[in-house]
Number of protein chains: 2
Amino acid sequence: MAAVDPQEQAQGSRDEIMRAAMRLFADRGFHETSMSEVAREARVSKALIFWHFKTKEDLFMAVLNRLLEPYFIDFGEETELDERAQILKLVEMYLLFVRDHANSVRFFLAQLLHDEHRGENLGSQVLQLYTGYRNLLTSLLAQAQQKGSCAHGYTAESAAAFLLSALNGFLIDFLFMRDSALNPENALTMVREWLFGESGQGSRADGQAVA
Amino acid sequence: MAAVDPQEQAQGSRDEIMRAAMRLFADRGFHETSMSEVAREARVSKALIFWHFKTKEDLFMAVLNRLLEPYFIDFGEETELDERAQILKLVEMYLLFVRDHANSVRFFLAQLLHDEHRGENLGSQVLQLYTGYRNLLTSLLAQAQQKGSCAHGYTAESAAAFLLSALNGFLIDFLFMRDSALNPENALTMVREWLFGESGQGSRADGQAVA
DNA sequence: TCTCGTGCTAACCACTCGGTCAATAGGTTG
DNA sequence: CAACCTATTGACCGAGTGGTTAGCACGAGA
């Protein structure tokens with residue numbers, strides 16, 4: 001019988017530890033999660049965790065970086081679409097991402113609010129993502145305005161800022177009032193209507209899906 | 001020399017404990033704050049805290065309720081104003097409140113995100129405030145729409161929801177990016193422009209105040 | 001075969017935690 | 001004065017914390 005490659009097995013238990021830590025850190029937080037709990041959840045000895053990760057902080061950082069990975073997606077500029085479609089696509093990506101990663105979004109939000117010292121690093125990464133997204137949005141809005149397809153009284157910068165604020169508002173609405181009528185589709189419809197004055201095809205704008 | 005009334009002194013130390021706990025809980029959180037720290041900060045013995053408050057949870061709840069007090073302001077319906085002015089007033093109150101109570105807002109947000117079991121009680125109170133505010137906004141918007149002073153394609157409900165989301169967005173923008181250009185005045189200007197198509201008197205909509 | 005590094009564990013360590021308790025000082029009441 | 005009550009304290013407790021250490025199993029290289 002082929003014995004298991006010990007190196008592979010080590011990687012396996014390391015992974016198991018990180019997965020357990022991810023779960024626990026994510027829904028309990030840093031201080032409220034003990035290494036013994038992680039060990040129990042991962043079905044390893046506590047000492048093994050300290051063999052793989054030097055300190056609790058170390059483990060936490062590893063988990064944090066792992067959770068952060070899916071956030072670095074590139075908003076591939078699909079140039080075959082016009083600006084309007086690209087903007088809506090961007091908004092939709094934001095909304096769907098939040099919906100699909102609600103847990104980690106919640107986790108990072110709590111982290112940013114809470115632990116300043118650990119937040120330093122995280123904060124700058126999130127800020128980078130945030131401003132990148134906003135800049136993209138701003139330039140697209142500027143282009144759309146130039147072409148006249150989205151004429152408003154305010155500048156592209158302020159429109160982007162306002163739009164992003166509204167999106168963040170949807171985010172916290174979604175995080176806190178899970179049963180709210182503000183699902184991504186309705187939110188997108190409302191944004192479309194606000195930006196371009198369209199009423200959407202067959203969907204209503206009052207936050208209620210047509211039965 | 002008149003001896004201090006012991007009852008008064010007791011109330012004093014109780015107050016001192018609560019103030020210390022308020023500070024510590026607010027910027028460290030529940031689990032990261034120890035009773036010994038509270039005792040040190042309040043310059044009392046730890047045992048005294050447990051004489052005044054049965055458990056740590058008890059103390060926390062007392063602090064929480066105290067912090068929550070300023071949130072229960074009544075949006076006095078100033079009927080001498082027209083709907084438009086009332087709406088703007090409402091929005092302004094929201095924005096100014098967030099600015100002036102940033103710390104406790106941050107604290108409650110973290111609390112809601114984090115500790116579900118303790119959040120139950122808090123959550124319902126916040127939800128109550130939230131829906132009250134939204135209902136008021138909705139009815140005012142409906143009135144304004146009836147009078148034609150605010151004509152949009154969407155219903156009052158969805159407009160209120162969208163507006164509130166935008167406000168929440170401003171909130172988190174304000175909490176996280178302290179140096180952002182989105183101060184309450186600019187935000188209010190943008191909302192006014194969005195709702196009523198006004199450009200404001202002398203203020204610009206691009207988030208920069210006129211020098 | 002002996003050693004050596006890797007992966008892993010039980011038992012342990014010093015320390016902090018929330019919480020308790022006996023004791024105290026001082027005021028009030030009998 | 002004695003009994004009692006309120007406000008307060010230092011010393012203490014068991015439980016649990018992050019982290020360490022001695023040692024074990026085992027495969028690879030000498």
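Chain A is the first sequence line, chain B the second, and so forth, proteins listed ahead of strands; every chain is numbered from 1.
Between Leu59(A) atom CG and dG19(D) atom P there is a gap of 10 Å when expressed in whole angstrom units. When rounded to the nearest whole Å, the span between CE of Met35(A) and P of dA14(C) equals 21 Å. Separating the CD1 atom of Ile17(A) from the C1' atom of dT9(C) is a distance of 12 Å, rounded to the nearest angstrom. When rounded to the nearest whole Å, the span between CZ of Phe53(A) and C1' of dC8(C) equals 15 Å. Going from atom CZ of Arg28(B) over to atom P of dT16(C) covers 15 Å, rounded to whole Å. Rounded to an integer number of Å, the gap from Gln11(A) CD to dC8(C) P is 10 Å. Atoms NZ (Lys56(A)) and C1' (dT20(D)) sit 17 Å apart, rounded to a whole Å. With rounding to whole Å, Phe30(A) atom CZ is found 13 Å from dT17(D) atom P.
Proximity of the aromatic rings of Phe53(B) and Phe60(B) is defined here by a centroid distance below 6.0 angstrom, and this criterion is not met. Remark: aromatic rings of Phe170(A) and Tyr94(A) are distant, center separation not under 6.0 Å.
Atoms OG and CD1, on Ser165(B) and Ile172(A) in that order, are 8.0 Å from each other to the nearest 0.5 Å.
In this structure, of dA7(D), dG19(C), dT6(C), it is dT6(C) that holds the atom nearest to the side chain of Trp51(A). Listed nucleotides dT9(C), dT8(D), dG18(C) differ in distance to Val44(A); the shortest reach to its side chain belongs to dT9(C). Comparing atom distances between the Ser45(B) side chain and each of dG10(D), dT6(C), dA7(D) picks out dG10(D) as nearest. For Phe50(B), the listed nucleotide lying nearest its side chain is dG19(C); candidates were dT9(C), dG19(C), dA7(D).
For His52(B) and dT8(D), the shortest distance from a side-chain N or O to OP1 or OP2 is below 4.0 Å. Between dT17(D) and Ser36(A), a contact under 4.0 Å exists linking OP1 or OP2 to a side-chain N or O. Close to dG18(C), at under 4.0 Å from its OP1 or OP2, lies no side-chain N or O of Thr55(B).
With DNA chain D read from its 5' end, the first of the two nearest nucleotides for Lys54(A) and Ser34(A) is the one closest to Ser34(A). Each of Ala47(A) and Arg40(A) lies near DNA chain D, and the nucleotide nearest Arg40(A) is the one positioned closer to the 5' end.
The side chain to side chain contact (heavy atoms under 4.5 Å, CB included) test applied to Leu90(B) returns Phe75(B), Tyr133(B), Leu136(B), Leu137(B), Leu140(B), not counting sequence neighbours.
For the side-chain hydrogen bond (donor to acceptor under 3.5 Å, both in side chains) criterion with His114(B), the lone passing option out of Glu32(A), Arg28(A), Arg106(A), His114(A) is Glu32(A).
Between the base of dG18(C) and the side chain of Lys46(B) there is a donor-acceptor pair shorter than 3.5 Å.
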